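Please read the structure below before turning to the comments.
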Number of protein chains: 2
Amino acid sequence: MGVIRITKSVKALLNAFAEQEVALSTVALVEQFQDHMNRSTVYRILERLEDEGILHSFTGSDGLTWYALGNKNLLSGKANLDTHPHFQCKDCGKTECLPMSVSIPDVSKHTVESVSLLLVGQCSDCASV
Amino acid sequence: MGVIRITKSVKALLNAFAEQEVALSTVALVEQFQDHMNRSTVYRILERLEDEGILHSFTGSDGLTWYALGNKNLLSGKANLDTHPHFQCKDCGKTECLPMSVSIPDVSKHTVESVSLLLVGQCSDCASV
DNA sequence: AATTTATTGCAACTTTGTCGCATTAACAAA
DNA sequence: TTTGTTAATGCGACAAAGTTGCAATAAATT
């Protein structure tokens, strides 16, 4: 499986997530570390960390890929579908996992294997301006 | 606003949606009409039709943009949030709007303006194989 | 039919993301 | 601590989705 060696680059990326309790886009991470690691390295590490279950990814409103800590943490059991939503602020772009589960109704004749749920709106910081 | 002139290209695109009751990806449409209209024309027409409310768009599991008929059709009133999910079959790729509304819990301190909800799984056709 | 201007085609471009391959650096074992 | 194995990285080239400016074209209106 994924992460076998804890390289400096892996540490740096994990650090970025540990410091901030928010989701980070691949684009932002590539830019943040452009002087310290190659673009493809960023992509490959994120992929590996996701394979390990340390990160999980989702698609933002702009179609870009975002990553956030956790995955298994947010799930009660592996049998259940992970239906936690992500929230993206249309003003400041801040994106985060929402610590809740949304119930998805049964879809007749369809087997649902994964759910991605993105809420776009205004976060509290931007609302108070 | 958007659509002012009903050109041959606009008619052709609207026809594609009328014939099939499913969502179509920009990529598929560009390919389908590659001999009849330019790629940028497809993108621009889809954008205009969405502005008009004739189509609505969402992002598929692959990160690609998809369009489907309706929008206002599916909404009871403009005051309510449109929370109808989209379903994408992981096997055949068929993608469709689901005629239902999913209730989104209140998110404290966040104003939710739009919801995108994508279910990925297996459709009935693929399940019976 | 003439006029106006929205729409289109074209081509060049941007951006996100992937890939192969040679080099480098984790890390386990001696 | 040194050595050997191979995962991980850098680099560069590439692919695909989507955008943009501008000149040419074709709706729609009079």
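As the structure is a prediction and not an experimental result, all values here were calculated from the model. Heavy-atom basis, side chains included; hydrogens, waters and symmetry copies ignored.
- Rounded to an integer number of Å, the gap from B:L29 CG to D:dG18 P is 11 Å.
- Look at CZ on B:R48: it is 14 Å from P on D:dT19, rounded to the nearest Å.
- Nucleotide C:dA26 holds its C1' atom 13 Å from the CD1 atom of A:I45, rounded to whole Å.
- Rounded to a whole Å, the CD atom of A:E52 is 13 Å from the C1' atom of D:dA7.
- Between A:V42 and B:K8, the residue whose closest nucleotide on DNA chain D is further toward the 5' end is A:V42.
- Under the 3.5 Å distance criterion, the side-chain polar atoms of A:N15 are left unmatched by any main-chain donor or acceptor of A:F17.
- The environment of CG in A:D106 is sparse: at most 12 heavy-atom neighbours from other residues, nucleotides or ligands sit within 6.0 Å.
- At the phosphate of D:dA8, neither OP1 nor OP2 sits under 4.0 Å from any side-chain N or O atom of A:T41.
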Can you name the atoms? Protein N/O to nucleotides 10-16 of chain C N/O, anything below 3.5 Å, with the distance.
{"from": "C:dC10", "atom 1": "N4", "to": "B:S40", "atom 2": "OG", "distance (Å)": "3.2"}

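- Between B:T26 and B:V42 there is no side-chain heavy-atom pair separated by less than 4.5 Å.
- Distance CD1 (A:I6) to C1' (C:dT24): 18 Å, rounded to an integer number of Å.
- Rounded to whole Å, atom P of C:dG9 lies 13 Å from atom CD of B:Q34.
- Under 3.5 Å, the side chains of A:T83 and A:S101 contain a donor-acceptor pair of N or O atoms.
- What separates CG of A:D35 from P of D:dG10 is a distance of 12 Å, to the nearest Å.
- Taking atom NE2 of B:H36 as the reference point, atom P of D:dA26 lies 16 Å away to the nearest angstrom.
- Summarising the local packing, CD of B:Q32 is surrounded by more than 12 heavy atoms from other residues, nucleotides or ligands at distances under 6.0 Å.
- More than 12 heavy atoms of other residues, nucleotides or ligands lie within 6.0 Å of NZ in A:K90, so this atom counts as buried by the packing criterion.
- One hydrophobic cluster holds both A:L55 and A:F33 under the rule that ILVMFWY side chains link at heavy-atom gaps under 4.5 Å.
- In the interface, the side chain of A:R5 is paired with the base of D:dA7 through a donor and an acceptor atom under 3.5 Å apart.
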